[in-house]
Trainee: 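Handing you this structure, nothing more for now.
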Amino acid sequence: MPRKHFFARGGDGPSSKATTRSAVRTVAWRLCVSDWRSTQRLQRALARLKLVDATTSDIAAGSPLANALGLLDALPIDQRRVAVLYYIEDLPVDDIAALLDVPPGTVKSRLSRGREALRRSLAADQG
């Protein structure tokens, strides 16, 4: 039996575009997870060899980067995804909207809410 191409499951028509978009999104997400897991394995191996501190994974505690990562981790997952894609991956709002399959206005509102939450967290830390 011949194998079908991964992206050709939906056939022709509007549903095939949604299926293709969904498949591409899934592959991209799995590649990101795989890359993250590889990085985690490397960090654990380096820690076992005493090349980095196991608790900080080469990011000094109290550094601006460690503080920023801590603040990002405190955001709700939807806001965190949008913030990472926009500020770290440098994707434009329209690309993020297409990737997450949400309207651009939703991406903008998540960015706005995320920025406000970060602003409140920073103000609480300083005050």
Trainee: If a pair satisfies side chain to side chain donor-acceptor pair (under 3.5 Å) and one of its residues is in residues 99-109, list it, with sequence neighbours excluded.
Mentor: R21-D101

Trainee: What donor-acceptor contacts under 3.5 angstrom involve side-chain atoms of residues 72-82, with partners at least two apart or in another chain?
Mentor:
| unit_1 | atom_1 | unit_2 | atom_2 | d |
| --- | --- | --- | --- | --- |
| R80 | NE | L72 | O | 3.2 |
| R80 | NH2 | D73 | O | 3.3 |
| R80 | NH2 | L75 | O | 3.0 |

Trainee: If the condition is side-chain contact (heavy atoms from CB on, under 4.5 Å), which residues does S112 pass it with, not counting sequence neighbours?
Mentor: R115

Trainee: Using distance only, find each side-chain donor-acceptor pair of residues 90-98 under 3.5 Å and give its atom names and separation, not counting sequence neighbours.
Mentor:
none

Trainee: List the residues meeting side-chain contact (heavy atoms from CB on, under 4.5 Å) with T26, not counting sequence neighbours, and say none if there are none.
Mentor: S22, R30

Trainee: Mind running side chain to side chain contact (heavy atoms under 4.5 Å, CB included) on Y86 and V107 for me, showing each step along the way?
Mentor: CA-CA 9 Å; Y86 187 79; V107 173; 6.0 Å; no

Trainee: For residues S121 and L71, report the shortest heavy-atom separation together with the two atoms involved.
Mentor: CB-CD2, 3.5 Å

Trainee: Run through the side-chain heavy atoms of Ile, Leu, Val, Met, Phe, Trp and Tyr, join any pair under 4.5 Å, and report what else lands in W36's cluster.
Mentor: none

Trainee: Hydrophobic clusters here meaning ILVMFWY residues chained together by side-chain heavy-atom distances under 4.5 Å, can you tell me if L85 and L111 are in one?
Mentor: yes

Trainee: R113: which residues meet the side chain to side chain donor-acceptor pair (under 3.5 Å) condition with it, sequence neighbours left out?
Mentor: none

Trainee: In terms of hydrophobic clustering (I, L, V, M, F, W, Y; side-chain heavy atoms under 4.5 Å; direct or indirect links), are L122 and Y87 co-clustered?
Mentor: no

